[in-house]
Every structure is written in structure tokens, then in C-alpha cells.
There are 2 protein chains.
Amino acid sequence: MALYTAASSSERIAFNTLNRKTGNRVKREFIDSETGDPVEREDQVKGYEVENGQYVVLETDEVAAAIPDSDKTLKIDAFIPCSQIDTTYFDKPYYLAPDKMGRDAFLLLRDGMKKQGVAAIARTVLFRRVRTVLIRAHGKGLIASTLNFDYEVRSSEEAFDDMPDMKIGGEMLELAEHIIGTKKGSFDASTFDDRYEAAVAELVKAKIEGRSLPKRQAPVASRPSDLLQALRESAGIGAKVTKPKRTAANANRGAGRQKAAKPAAKAKQAQAPPRRAG
Amino acid sequence: MALYTAASSSERIAFNTLNRKTGNRVKREFIDSETGDPVEREDQVKGYEVENGQYVVLETDEVAAAIPDSDKTLKIDAFIPCSQIDTTYFDKPYYLAPDKMGRDAFLLLRDGMKKQGVAAIARTVLFRRVRTVLIRAHGKGLIASTLNFDYEVRSSEEAFDDMPDMKIGGEMLELAEHIIGTKKGSFDASTFDDRYEAAVAELVKAKIEGRSLPKRQAPVASRPSDLLQALRESAGIGAKVTKPKRTAANANRGAGRQKAAKPAAKAKQAQAPPRRAG
DNA sequence: CCAATCGTCGAAAGACGATTGG
């Protein structure tokens, strides 16, 4: 079977960090916190803090030995009724498709599960961990969701600790149901848009075109991929663009590193945590 | 309303990187990729790569201006039938509990939704983005799942591109259903254990106790939190523990940084501090 | 090339964001 990532934030606008003074990209170097000397990769070891400032040292290969062997298979443990699934455990979704070999078995699994109204609990090694996955029929194929480990999911008891054990009934409940009835809608993913992403895209576009952005204009929400397309088109127009000076010797290195470019604008964390809503 | 993280990997064993030669912790410094000079935080700006090596510069405050204002509320857009929900969009789960003020409204919402078999689609600002969340009744309270943005979820079309449009029927399907029937189980989160985590915990424990670990022993799968407890108990026994040398001048800084240390041996948080969103 | 990892920051035991492994 082949796994395809079903959800990914890779379409987001990606930035690199630059040095304002030179326009060059920035890279990070690891230095000793006491001596300030650079620490090469082969001198970096893992430390488990036993007590304040006391560490047990673990060598890279010792940690690597703990990684489970991957036989690249997906082993089904059991089939469970779809009604029993606790979605709190859901981690990431992957589409599952058959490879050349297992097409018949794949279709049998899909249709058998669909007919019985069950999902499969399976295990597979994914990124160094043995992951439990939940497999369900999904359209023409299957969808596998990795499940959080038991220790990762908190009990709701604490959160609902001082919840009154009271049930609403009678007229009040009818009123609530009426209000709910007036706001019926449907699950429409096209409304799940990302205004921050749109605003950042608009900002970049304005910069490229040499415009200044009106303060706090409400950005038009649209698919970032459309905006990326627009950005690419705008790019030719040119504006305040910084071209880093580079030495001939470094030209290749720099080009290679562009691939590593990573997403996401981190600006100031304007979000102070405790927030009241609702 | 208050939001409580329902799933977190914070109970995992966390390491710090050490310099093998000195036993000191390592920290990272940002340096200019061409000149090699350190780049201070205030000189770090975002660059959007327009073309190979050409960047549009975005200042931190410009990017920050794109962050939506948070009025700290949770606005319900609509109620949708639970049957319509596409779990491919699920991102992270949060428990929702009422604050002092809104207890009645909370219970009305919970019981009204439960009775009608619907979930609420709402919006709130979470970590700089306006997020769409799906709210459902869950035990005594509510659970809110952030939903992936539309552009983050891939169409399954590509993955299921060359899936034969064939349906299994008759005897073969019956056989499949029979096999499924023989492997019926239940959704049991206690079996969702993390063998890698357990093996790493065992490795650390062995190190602390001065044992050497048998090669590739099959680690006993148990809750990492139990293992962490065991580690704490072992810690007194002492073994090969590295104590970083520190200068008097750095003692305070070092102590301060310990807080920053991801508490590997973190005792279970009595109660996760609620993020207020309500 | 993408996605998961990893270390750090800072307060939220969570998210960011550069890096690297598959």
C-alpha cells in the first residue's frame, strides 16, 4: 500500500530569515553555552537532565538503536464498529492506495469494511515510531488516520471538573433546539479560509509591486494558492527587492540551501495566551 | 469559555543537546551565511524569495500587522448534522468548559446539540490565525476540534487516480466480511503505546543505573509516564552523570535557563492551565 | 522535494521555524 499525506501546510507562504544589514540569509550555528565555542555536529550529544544541571549523556547511535525496525508493512489488529471511534485520538490523515500487487485485497478490505460499518485498527512504523492507525473506507479508496498515543490524550475529567451535573430540560431545551434550528448549515470546507495567510500574501504582493499597504485593510479571503499564483505574476513587475551580495565561492551553497527554505512567518507572538472568548 | 488542550506530546522524554567535550549545553546562534558574523535578533528580517537569490524584505512589525485582532470570542456560524462531518479536516482537539458567567448557555448549547445530533461550526482567533472549529458534545462538556484550512487538505483524487472503478461483490465480498467478523475488537486506547518512547526511557534508566543495555532487547511497552516515574526513582542511584562545569559568572544564567529546559522529567501537571478563549 | 524532527522561545508543556532524513 502507498501512503499519501492528506493534510499539509506546505502551500503556505514560506520565508527565509535575512540579515537586514547585508541582505544575506542567516543560518544557525551551535555554540557552547559557557565557552561560546562552536560545537560541531559530531560533538553534539543528547543529555537527559536528571537533576538541576546534571545530565546523563546519550550518544546519537544509542538513541538510534531504540528506533524500531520498519518492515514497511501495515498490520491489521482488529476491526471495530465506526460508532466506537473516539476522534480525540485523531492525529494526521493519510490517503491509502494499493500498489500494483495488492489491488484485489485492497478493494476487498474497502468494500468489506464499508458493508460492515467498521474501521480497521492497524500498526505501522512511521518516522521512527510504531504508530497505531485507524483505517476507514473513503471514497474510492481508504483513509488512514494516525492515532495519538494513549499518554498524549488527556482525560476530560479535569477540564470538566466543576461542571454541574445538571441537565437542561423542558422549555429551555426546546428554546435552545429552536435557536439551533434557525442556524442550520452544512459542512462547507470552502469557508475554512485563512485570513492571516491572505493578509501576508497581500503584504508580499504589495511589496513586490512597490505599493504601500493601506493600514488594516480587510484582506480578501481567497485560496493562498491563488494568491501565490498572483505573487508569481507580480514578481516580474519588480519593486523593493533585495539581492544579496554573494561571493563566487558561495554561489552554489546558497542556491542549494534555497530548497531548504521553510515556511511560515513568525512574527511577534501577539497572542498572549489566556484569552477569554465566548 | 475556557479551552484546554486535549492532546499533547508534552509527556515525552525531552533531551537537551550537550557539547560532548565540555558537558555544557549547546545553544544556537544565528550567523550571516556569507560573512559568518552573528546576526542579532533585531537584525533578523523575513525575506520572501521572488527569484533565485532575490528577496523582498518584510519587517517584523509589518508581518505582525497581518495578525488578526482577537476579540477573544468564539462565534458560532452554523450547526451541521454530525453525519456530514469530514474528519479529514480535523486538526487538534481542545476541551471546552464554561467559565463562571456562561454556565447556563454552555449547558443549553451542549444539550441542544446532543438532542439534535448536530455540531457547531465556529470561529475563533488562535495563535495568530482565525481558525474554524467544530464543536461537539463530549461527556459532561464540549470538545472543539480546530479544522484544517481548505488549502491544507488535498483532494483524494490524485491518490486514488488509478483505482479501478470496480466493486467487489458476491462470494468474494462475503469471504471478506467473514474474515472481518473473525477479527472484531473494540477501540481500546490503552493499546496505543509508544515503543520508541519506552525504549528511550529504558535506555535512560539503564544509563542512570550504570547498566549496559542488552542489544535490541524488546522493550516492555508501558505508559511512558510510568517509565518517567521509574526514572525519577532511579535517579537517586546515580551513575554516569555529567555535571557541566560552570563559571561563577554564568551560574545565574545557567540556573535561569533550566526553566527553559523542556522538563524531561516533568511531573504530571496537576492541571493543565486553561487557555481562556471564551 | 516534502514532511517530520528538533531545539528554542517564552509562558501555553505549545508553537515556531530551520534542518534533515526518507
Side-chain angles (χ1 to χ4, degrees), chain A residues 3-18 25-31 33 39 41 44 46-47 60 63-64 67 70 72 91-94 125-129 131 146 151-152 154 196 256-275, chain B residues 2-18 25-31 33 39 41 44 46-47 60 63 67 91-94 126-129 131 146 152 154 196 225 228 256-277:
Chain A
L3 270 171
Y4 299 82
T5 307
S8 146
S9 52
S10 63
E11 282 204 45
R12 286 198 188 150
I13 292 174
F15 293 117
N16 295 114
T17 303
L18 305 181
R25 283 194 47 190
V26 151
K27 67 174 184 180
R28 64 182 179 183
E29 186 176 59
F30 291 93
I31 62 169
S33 58
V39 182
R41 174 158 284 274
Q44 294 173 17
K46 300 286 174 205
T60 308
V63 178
I67 299 174
S70 170
K72 286 157 190 186
D91 184 20
K92 296 209 167 116
Y94 296 86
V125 174
L126 232 40
F127 306 101
R128 83 166 51 177
R129 292 181 202 262
R131 298 297 304 259
T146 50
Y151 70 84
E152 292 179 313
R154 300 210 177 129
Y196 172 73
R257 210 174 299 115
Q258 271 137 32
K259 281 196 173 159
K262 238 351 207 278
K266 161 161 191 164
K268 202 173 87 190
Q269 188 90 349
Q271 303 283 33
R275 256 13 60 120
Chain B
L3 269 170
Y4 299 81
T5 306
S8 147
S9 52
S10 63
E11 283 205 41
R12 286 200 187 145
I13 292 175
F15 296 115
N16 296 114
T17 304
L18 305 180
R25 281 190 52 186
V26 151
K27 66 175 184 179
R28 64 182 177 184
E29 185 176 59
F30 291 93
I31 62 169
S33 59
V39 181
R41 178 160 280 273
Q44 293 172 19
K46 298 292 170 201
T60 306
V63 178
I67 298 173
D91 183 20
K92 296 212 166 111
Y94 297 85
L126 234 40
F127 304 101
R128 87 170 47 174
R129 290 180 203 263
R131 298 297 304 259
T146 50
E152 293 179 312
R154 301 208 178 131
Y196 171 72
S225 49
L228 283 176
R257 211 173 299 116
Q258 267 137 33
K259 255 196 165 169
K262 235 173 170 179
K266 154 188 141 203
K268 209 167 135 206
Q269 202 89 3
Q271 177 148 13
R275 177 98 44 73
R276 304 248 149 219

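Every chain is numbered from 1 and lettered A, B, ... according to where its sequence line falls, protein lines coming before strand lines. All values below come from the heavy atoms of this structure, side chains included, with hydrogens, waters and symmetry mates left out.
Rounding to whole angstrom units, CZ of residue B:Arg128 and C1' of C:dA12 are separated by 15 Å. Rounding to whole angstrom units, CG of residue A:Asp91 and P of C:dG14 are separated by 14 Å. Regarding A:Leu126, its CG atom lies at a distance of 14 Å from the C1' atom of C:dC2, rounded to whole Å. Distance B:Ile13 CD1 to C:dC6 P: 13 Å, rounded to the nearest Å. Rounded to a whole Å, the NZ atom of B:Lys46 is 5 Å from the P atom of C:dA18. Whole-Å rounding puts the A:Gln44 CD to C:dC6 C1' distance at 11 Å. The CZ atom of A:Arg12 sits 13 Å away from the P atom of C:dA4 (whole-angstrom rounding). Distance CD (A:Glu29) to P (C:dT19): 12 Å, rounded to an integer number of Å.
Side-chain N/O atoms of B:Arg25 include one lying less than 4.0 angstrom from OP1 or OP2 on C:dT8. A close approach under 4.0 Å does occur between a side-chain nitrogen or oxygen of A:Arg41 and OP1 or OP2 of C:dT20. Distances shorter than 4.0 Å separate some side-chain N or O of A:Thr17 from OP1 or OP2 on C:dA18. Of the side-chain N and O atoms in A:Arg154, one or more sit less than 4.0 angstrom from OP1 or OP2 of C:dG14.
Mapped onto DNA chain C by nearest heavy atom, A:Tyr94 and A:Phe30 fall at different nucleotides, with A:Tyr94 at the one closer to the 5' end. The residue among B:Lys92 and B:Tyr196 whose nearest nucleotide of DNA chain C lies closer to the 5′ end is B:Tyr196.
Listed by chain and residue number, A:Asp91, A:Lys92, A:Tyr94, A:Leu126, A:Arg131, A:Val133 satisfy the side chain to side chain contact (heavy atoms under 4.5 Å, CB included) test with A:Thr146 (two or more places apart in sequence, or in another chain). Annotation: side chain to side chain contact (heavy atoms under 4.5 Å, CB included) contacts of A:Val63 (sequence neighbours excluded): A:Lys46, A:Leu58, B:Tyr196, B:Leu203.
In this structure, B:Arg12 and A:Tyr151 approach most closely via the heavy-atom pair NE-OH, 2.9 Å. B:Val26 approaches B:Leu18 most closely through the heavy-atom pair CG2-C, 3.9 Å.
Across C:dA12 and C:dC16, the matching C1' atoms stand 13 Å from one another, rounded to whole Å. Taking atom P on both C:dT5 and C:dG10, the two are 24 Å apart, rounded to the nearest angstrom. When the P atom is compared between C:dA11 and C:dC6, the two are found 25 Å apart, to the nearest whole Å.
Distance from the side chain of B:Ser10 is smallest to C:dG14 among C:dG14, C:dG7, C:dG21. In this structure, of C:dG7, C:dA4, C:dA12, it is C:dA12 that holds the atom nearest to the side chain of B:Phe127.
In this structure, the side chain of A:Thr17 does not engage the main chain of B:Gln44 through any donor-acceptor pair within 3.5 Å.
Within 4.0 Å of A:Arg131, counting heavy atoms only, lies no atom of the nucleic acid at all.
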